[in-house]
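Heavy-atom basis, side chains included; hydrogens, waters and symmetry copies ignored.
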Amino acid sequence: MIPKVFKEVIDLGDGREISIETGKLAKQAHGSVVVQSGKCMLLCTVVSNYKQSDVDFLPLTVDYREKFAAAGRYPGGFFKREARPSDGEVLTMRLVDRVLRPLFPKDYHAETQVMIQLMSHDENVMPDAMAGLAASAAIQLSDFPFECAISEVRVGRLNGEFIINPSFAQLAECDIDMVIGASADSVMMVEGEMDEISEEEMTEAIKFAHEAIKVQCAAQLRLAEAFGKKEVREYEPEREDEDLAKKIYDMAYDKVYAVAKAGSAKHERSAAFSEIKEEIKASFSEEEQADFGGLISKYYYKAEKTAVRDLTLNEGLRLDGRKTTDIRPIWCEVDYLPSTHGSAIFTRGETQALATVTLGTSRDANQIDMPSQEGEERFYLHYNFPPFSTGEARPIRGTSRREVGHGNLAQRALKGMVPADCPYTVRVVSEVLESNGSSSMATVCSGTMALMDAGVQLKKPVSGIAMGLITDIETGKYAVLSDILGDEDHLGDMDFKVTGTADGITACQMDIKVKGLSYEILVNALKQARDGRLHILTKLTDTISTPNADVKAHAPKMVTRVIPNEFIGALIGPGGKVIQELQKETGTTIVINEDPVTEEGIVEILGTDQNGINAVLAKIDSLMFKPEVGSVYEVKVIKMLDFGAVVEYLDAPGNEVLLHVSELAWERTENVSDVVNMGDVFDVKYFGLDPRTRKEKVSRKALLPKPEGFKERPPRDDKRRDDRRGNDRNRDRKPRRD
């Protein structure tokens, strides 16, 4: 029996639709939907345990996977099955998680899992843009305690016009690529890359996306109403004690305020706060501490947050003594590592990043193999955040989702400034050595300098800054904080990172924690961020003003040569023999790709020794050498034969031609050695293909003066030649005897 299906359709306004369907699949999940646009279908299921976990946070897992079968493809690898998530899948998980997590109650600690799967792929639909919609729609059908419906959309700008959820092809032509997450009332998350746009243009894109999100939120509510809205489940809330909270607040507030106002360094301040906390705990008996459990710590941190926020709102001061617009001291250095192709250190306050650049061929490109996307990246950035950067000792268990996300943000910030004609594959690696405030923005800054140090001809340098926001809804006060500390990240109402050149924004990432943030405040925050970015940019350009003209002496030089398709085989040789020997002889790396349009061969030659590169170029020139009829060429005798000499063009070593004995001299030549010998060098004239022999003809005698009284032999009579060959011999043939 086919179950009853409930469906809502969202009109995107340009002939495209998104449908949300429930009731057919995965009915044992606490909520499940199928979201479809074109042929693209996502299945989202949500489940949350009814028993609270013994932790003081929400153990939420957002999992997004793309099934290769959805695109009619096999997974790569020996086992032919999907394994660990790709970076693209991880980035989609982060986009969804960042919007969902704040909407669960702070005291809801049940294990919760959101699983989103790409079940059918459409090359004209980008599935990650619908993942947030699918997650929220499934939660609306559940009994989870969840504040309100949300959705996410991608907004692009094509030929000056905004478009919701553009296709891959459209996005390639857009100058804005942003994903916005929001409820019907408030924008909550922004992430994307741009082509040096202004703050006002970015705000307009967010507004446009928010209008589309409002429509999608309304569709979810209609679907939940039709399906039958469930009663929100009851769960055991965290214990609260108002009297205890007030007591701890009164004990901590003034002391914390005084420490915060002193403007101390991270470790000194942290030690002072810990001392206040321990004094408060010590004021309670062991029985009281056991009875109150973690409430003492919880209420202390609440008081600490309030005191620090009040200091900034009331006096415009911050934890390290700065004013709201101040940037921490910065020092930079380039060419720090002697063996890398490029390196730079960027230090801002207590945050430090060391970036390296490695140059390679197309063979070193980062391969992207996802059901929804295939291709390669010729520029990519990897970000590493070791525990010692924050003074911690903990095990390293592979690349974290945070490292993937921060690295992707820095990559998007820089990639638009790498020129399209850069011949190299470029890998940037950022090692975060100290962290107290945005290390991803430090990565952007160190990456910019390292690229210029490596001789990559960046169009413009890029800088980045992390900003914060503290608001008081009751009084209307707010403070925008430039270059936030780690502590300010946690206590603020908005954390946003903005990167750009002197002419505009190239990437951004925002998490907005306060409801109903006005666009006026957002624009003011972005403009303050611009001032900070330009200040930091000046520090970068004071260290290295322009990209180095050449790559370093020990770095590989790259030369690209285009050759006709018919010469590719000759350069490779049988079984790769020619190219392998050439690489060994010249100390170079040679990569040959075929242009998919022209079918020409694109030869990349990478080597540290220019002489080796020149030798490869000479070999290519030799293979492509085509003598012109009537031209004179210098040749060398490389082989002696009875009927002539084999000569090699000196301008194109390896190109040989037979100099026939009859073309050696005007006089009759009995022995080839009477005229030339091995190793002799002389000029010959090229006549093209001989119509009689269909072989290339060169002549030495054509360049020599004709001897006085010399008589040329008359040309052969073709009829007499045919007679001699016996073409008419059957004419006088006698009958055969039996």
Pair Tyr383-Arg402, side-chain donor/acceptor within less than 3.5 Å: yes
Inspect the surroundings of NZ in Lys513 and state if more than 12 heavy atoms from other residues, nucleotides or ligands are less than 6.0 Å away. yes
If you apply the rule ring pair (Phe, Tyr, Trp, His ring centres under 6.0 Å), what do you find for His210 with Phe208, and how did you get there? CA-CA 5 Å; His210 195 192; Phe208 183 80; over 10 Å; no
Distance only, no hydrogens: is a donor on one side chain within 3.5 Å (strictly under) of an acceptor on the other, for Thr347 and Glu434? no
Does a side chain donor of either Glu200 or Thr203 reach within less than 3.5 Å of an acceptor in the other side chain? no
Using a 6.0 Å cut-off, check whether atom NZ of Lys539 has over 12 heavy atoms from anything other than its own residue. no
Got more than 12 heavy atoms from elsewhere within 6.0 Å of CD, Glu123? no
Checking Thr541, Asp531, Ile330 against Ile536 for side-chain contact (heavy atoms from CB on, under 4.5 Å), the one that qualifies is Ile330
Indicate whether any N or O donor in one side chain lies under 3.5 Å from an N or O acceptor in the other, for Thr589 and Gln583. no
Counting only heavy atoms from other residues, nucleotides and ligands, does the tally under 6.0 Å from CD of Gln367 exceed 12? yes
Return yes if a side-chain donor-acceptor contact under 3.5 Å exists between Ser430 and Thr443, otherwise no. yes
Neighbour count above 12 (heavy atom, 6.0 Å) for Lys619 NZ: no
Side-chain donor-acceptor contact under 3.5 Å, Asn384 with Glu431: yes
Do Ser372 and Glu66 meet the criterion of a side-chain donor-acceptor pair at a distance under 3.5 Å? yes
